[in-house]
Structures are given as C-alpha cells and as structure tokens.
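Let me begin by presenting the structure, written as structure tokens, before commenting on it.
Everything numeric here is computed off the predicted structure, so don't read it as measured data. Atoms within each ligand, like the ligands themselves, are counted from 1 in listed order.
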Amino acid sequence: MKIILTKDYQDMSRKAANIISAQVILKPDSVLGLATGATPVGIYRQLADWYRKGDLDFSCATTVNLDEYYGLSPEDEQSYHYFMEKHFFSKVNLRPEKHFLPDGTNPDGDAECARYEAQIDSLGGIDLQLLGLGHNGHIGFNEPSDAFAGSVHLVDLAGRTIEANKRFFPSAAAVPRQAYTMGVRTILRAKKILLAVSGEDKAQALYQTVKGAICPKVPASVLQLHPDVVVVADEAAAHKLAGGSF
Ligand code: F6R
C-alpha cells in the first residue's frame with residue numbers, strides 16, 4: 001500500500017482528486033468506482049471545480065457506485081442516487097446513461113445483486129475505485145463479519161453504521177436497515193483502489209486496515225492483498241501510522 005499523508009481534510013480532498021483527475025486524463029473512458037458519505041464530498045467539489053475551469057472532461061467516463069440503501073428511490077433525498085446527483089453528476093459532464101448504482105427500489109435482492117454485478121462486468125471492470133472507511137473498518141457496506149462477502153449482495157447494516165449514518169436522516173429509526181453493496185471480491189477486482197480517510201475518529205480503523213491482520217472483522221484489511229492501493233489520509237486519521245509505504 002502506498003500511504004499519502006496530508007495536512008487536513010481539504011489537502012486530502014485535493015490530493016485524492018488529483019489521483020482521480022490523472023486517471024481520467026490518462027484514460028478518458030475510465031470506469032470510475034465511486035463512494036458516498038462525508039469523506040468524498042470535498043473530492044467531488046474539487047473535481048467539479050477543475051471541470052468548470054476546463055481542466056477535466058468526463059464525457060467519455062463511466063461511473064459505478066459502491067452501494068445504495070434498500071428501499072430508497074433515486075428521488076429520496078437520503079438515497080445515494082440523490083447524493084451523487086447533488087454532489088457530482090449534476091456538476092460535471094458525465095453522461096446520464098453512463099452512471100450506475102444499485103437499484104434500491106428492486107425488492108428482489110437476488111435479482112438485483114446479479115443484475116448489478118453483471119452490469120459492472122459488462123463495463124469491463126473498474127479502473128479506479130474510490131473508497132471511504134467506516135469506523136468499524138467497513139468498505140462499501142461490507143460490515144465486520146466471520147467471512148468476506150464476495151460479490152454484490154444485500155447486507156444488514158451494523159448498529160454502528162446506522163448510528164454513524166443517522167446524521168443524514170431525521171433519526172436513527174429512519175436509517176434503512178439494509179443496503180445493496182459491492183462485495184469484497186467486486187472491490188478487489190478494481191485495477192486501482194484509492195482509499196480516502198479523514199479525521200481522528202477513523203484513526204483506529206485505518207491503523208487496523210494498514211497494520212492489522214487481514215481478517216473479515218476489519219473488512220478494509222483485505223485491501224492489503226491488492227497490488228495497487230493508494231491511501232490518502234489526513235494527519236488526524238493517520239497519526240497511529242508511521243508514514244511512508246507499507
Ligand atoms: C459509502 C460507503 C461507506 C462510506 C463509509 C465512510 O458509499 O460505501 O463505506 O465510505 O461509511 O463514510 P463517511 O465518509 O461518511 O465517514
């Protein structure tokens with residue numbers, strides 16, 4: 001793993017955006033795997049800014065998102081469809097028919113998982129996957145468990161994840177209990193992975209991800225097995241690490 005240490009959230013966002021930007025410049029028809037949550041908001045803001053200034057062109061790119069809440073429609077303000085539209089899709093020139101997310105409204109879990117996995121395969125896989133890190137070490141919604149889940153699946157959200165995500169909902173009770181998510185195998189098949197991490201509250205999870213044993217109780221630790229992972233972390237998140245390459 002390559003660790004890039006940054007000063008703060010803004011610096012982390014800029015450096016991570018630089019890596020995505022380089023990917024799109026080098027390969028304009030890249031398939032970008034995207035994440036939601038608080039961490040990537042600054043990255044999307046920076047990318048949109050460079051697009052506005054004429055430095056970036058997303059017209060040939062395709063995007064696939066990690067996850068979506070079960071039961072939420074794209075019009076729901078708490079859905080990840082809505083988040084992506086608000087923070088990124090509406091701000092750049094990605095073609096609407098070329099961004100993909102799991103369909104939270106499909107009640108048939110097996111069918112939706114198979115459909116979304118096939119969708120990703122049909123695009124030829126992911127060139128660069130952006131990830132955030134959960135407090136419990138989750139990536140996508142791959143929650144701590146006894147075994148790594150392989151492909152796209154419907155997952156029961158952990159209590160800690162519901163707690164962490166209630167800030168986006170009127171109350172914890174309003175947070176959906178399930179979500180569709182890419183599995184660990186889907187994520188590991190990406191050619192390159194960019195893990196963005198900010199804040200002291202992620203320091204322990206980041207330490208376990210980078211330095212801990214590879215184990216499904218800390219799903220992100222599996223990233224140690226991938227040959228091309230870049231972690232961009234701010235000082236607060238990285239203070240338990242020594243720095244440099246791991
Ligand atoms: C979001 C996702 C999650 C988040 C993680 C961190 O698509 O897959 O794994 O990346 O929960 O969330 P934030 O950035 O809000 O701390």
Quick one: nearest non-hydrogen protein atom to [atom], plus distance?
| atom | result |
| --- | --- |
| atom 8 (O) of ligand 1 | D67 OD2, 2.6 Å |
| atom 6 (C) of ligand 1 | L133 O, 3.4 Å |
| atom 16 (O) of ligand 1 | K202 NZ, 2.7 Å |
| atom 3 (C) of ligand 1 | G140 O, 3.5 Å |
| atom 1 (C) of ligand 1 | T36 OG1, 3.1 Å |

Which of the numbered atoms in ligand 1 are below 4.0 angstrom from a heavy atom of [X]?
| X | answer |
| --- | --- |
| G132 | 10 (O) |
| A35 | 7 (O) |
| H138 | 3 (C), 5 (C), 9 (O), 11 (O) |
| L66 | 8 (O) |

Please confirm whether A38 comes within less than 3.5 Å of ligand 1 when only nitrogen or oxygen atoms on both sides are compared.
yes

Consider only side-chain N and O atoms of T6 and D234, and report whether a donor and an acceptor are under 3.5 Å apart.
no

Select one of side chain, backbone, both or neither to describe which atoms of T39 lie under 4.0 Å from any atom of ligand 1, heavy atoms only.
both

Side chain or backbone of R167 under 4.0 Å from ligand 1, or both, or neither, by non-hydrogen atoms?
side chain

Applying the ring-ring contact (aromatic ring centres under 6.0 Å, His included) test to Y44, which of W50, F88, F58 qualifies?
F88

Are [X] and [Y] within salt-bridge range, i.e. N to O under 4.0 Å?
| X | Y | answer |
| --- | --- | --- |
| D127 | K27 | yes |
| D146 | K217 | yes |
| D11 | R14 | no |

Residue set satisfying ring pair (Phe, Tyr, Trp, His ring centres under 6.0 Å) with Y9, at least two apart, ordered chain then number -> none

Over 60° means perpendicular and under 30° means parallel, so classify the ring planes of Y69 and F169, tilted if in between.
perpendicular

With A118, which residues qualify under side chain to side chain contact (heavy atoms under 4.5 Å, CB included), at least two apart?
none

